[in-house]
Amino acid sequence: MRGERGMHDVVIRGGRVATGGGSVDADLAIRDGKVAALGAGLGPARREIDAAGKLVLPGGVDSHCHIEQLSGAGLMNADTFETATRSALMGGTTTTVSFAAQHPGMRLSTVVADYEALAARGAMTDHAFHIIVSDVSGENLTADLPALMAAGHRSIKLFTVYDKVRVGDAEILDVLWTARAHGGIVCVHAENDGLIRWMVRRLVESGRIAPHHHPISHPRAAEIEALSRMCRFAEFTGQPVMLFHVSCAEGVGVVREARGRGAPIVAETCPHYLFMTAADFASAAVEPAGLMCSPPQRGTADQEALWAGLARGDLDLVSSDHAPYRLDETGKYAHGRDAPFTRMANGMPGLETRLPLLFDAMVTKGRLGLDGFVALTATAPADIFGLAGKGRLLPGCDADVAIWDPTATRTFGTDDLHDGTGYNPFAGRTVTGWPVTVLRRGEVVVEDGALAAAPGSGRRVPMAVSPAMRPQADPPAGRLDP
Ligand SMILES: [Zn+2]
C-alpha cells in the first residue's frame, strides 16, 4: 500500500469502513490527524483499535445546531460550546455548524468575532458558523459580509419569522445578491410571518395557549408559502438557497418542483420531523414544552413523505436543529410554568440523538442503508458547506471517525444526554447501534462511553466555495431591461 512506510499513529483494524463513497472491509490507518491508508493488514501503529464486528464511519457533520446563542426573544440557550460539543462527540458527531447571531444594531464583524472567541474557548468539535443577518444597514452588507465571506464564513442564515431577527423580502434579495457576488450559500428559516401571527391571535383569543397548541399556530400553509417564495427568490437571483428544516409533505413537493425548474435549491429535514408527530405532545415521556419547535412536528403521512424525499434526493441531509432550553425558569419557563406557548422558547436538544436515531432507522432497520446514512449525516453536509477534509474516510481526509457497534441497544432515558438541557425529548425510545469510540483528527475523544477531549480543542474549519454555492449565470435579476 502506498504511503505506508514507517509507523502509523493509529490503525483501526478489521472493521467495515464506510468511506462516504461506498463501504469496504478494511483496516484504516491514521497519521498526523489524517487518514493515511485503507487496506488489508496495515501497520504497525503506536495505537491499535480492534474494530472486528464494528462499522467504521466518518464522524457526523451536524450542519444546523444552536450553541451558546442568544435567541431572537433575548433568551440565552442552555448550552455553552463545551456542553453542546461534549454532547455532539458522545453521539458520534465531530463537526458542528452553529450560528453567529446578529441582532439589530450589532455589527456583523463584531458578532462573528464574539462567537469565534466563544468556540475557541469551549468547542471540542471542529466547527464553522452560519452568520445570522438581521440588520442589513450601514456597512453590514457592503463591507462586513464580503470580508467575512472571504475569511471562510460562507453561509448566511435569514429568518422570515420572529420579531427581532426577521428580514423583509427586499432585504432577503439584497442578501442573496451580495452572497452571489462573493460565493456562499443562504440558509432560510422559511415560514409566513403574517399567517402565523393571525393563527396565534385566534388561538390566544379563544384561550388555547398550552404548548400543544403551538403546532396549530404554525400551519403547514405558512411553511409551504415561504418555501415557495424562497425558491422563486433563488431562481430570480440565481443564488443557491438552503431550505432549513422542511417538515411537511407539501414542503418536499415545493423543493422537488423548484429543482425540476432548475432552481438552485438544497434542503434539509431533522429527526424530530422523521421520528415525532404533533400527536406526541399528548403521549411523550417529557413535558410538552420540551417538544415545542418551529416548524412544528406534523403527521405520519408527512414522515413518509420526508423519507421518500430523502430517498429520491429531494432533501439533501438531516441536521439536528439542536436548540437547547431547560425545562425551568432559565429556559422554557422563563415567563412561568403556565405562560402561554407564545412566550416559551422553541426548540429541543438533538446533537447527541441525531445519529443514533437515524442509524437505528436507516442501518439497523434498513431504510436507505449504511451508505445512505453516511451520505445524509456526514458527506452531504460537508460537501454543501465546503468543509474540506470532512465527511469522508479516504486517504488525505481528516481522521474524524465514529466506530459503531451495530448490536449495542440503548433505551433513551429522561435525562441521559451530555448537553446542558437536562432532558431527552426521545426518552423511552429504544435504538440499536451506538458510536462506542470516536476520534477527531486521529485523537481518541470518546472511549468506552467516556469523554476524553479538552474544551477548546476543536478547530474552526473555513468554508470553501462548494459546487452547491455556485450561482447560476444570467438570472432574471441581472436583466434590468426586459
Ligand atoms: Zn434552527
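Both counts, for ligands and for their atoms, begin at 1 and track the order of listing. All figures in this text were calculated on a predicted structure; none of them were measured in a lab.
- Taking the side chain to side chain donor-acceptor pair (under 3.5 Å) definition, one finds that Glu352 meets it with Ser87, His418, sequence neighbours left out.
- Salt-bridge annotation for Arg220 and Asp302: present, with a side-chain N of the basic residue lying under 4.0 Å from a carboxylate O of the acidic one.
- Applying the side chain to side chain donor-acceptor pair (under 3.5 Å) test to Gln69 and every residue at least two apart in sequence or in another chain returns His66.
- Using cut-offs of 30° and 60° for the angle between ring planes, the Phe412 and Phe426 rings count as tilted.
- A search for side chain to side chain donor-acceptor pair (under 3.5 Å) contacts involving Asp144 returns Arg107, Ser109, not counting sequence neighbours.
- Side chains of Phe373 and Leu368 form no contact here, defined as non-hydrogen atoms less than 4.5 Å apart.
- Note on the Zn ion (ligand 1): protein N/O/S atoms under 2.8 Å are His64 NE2, His66 NE2, Asp321 OD1.
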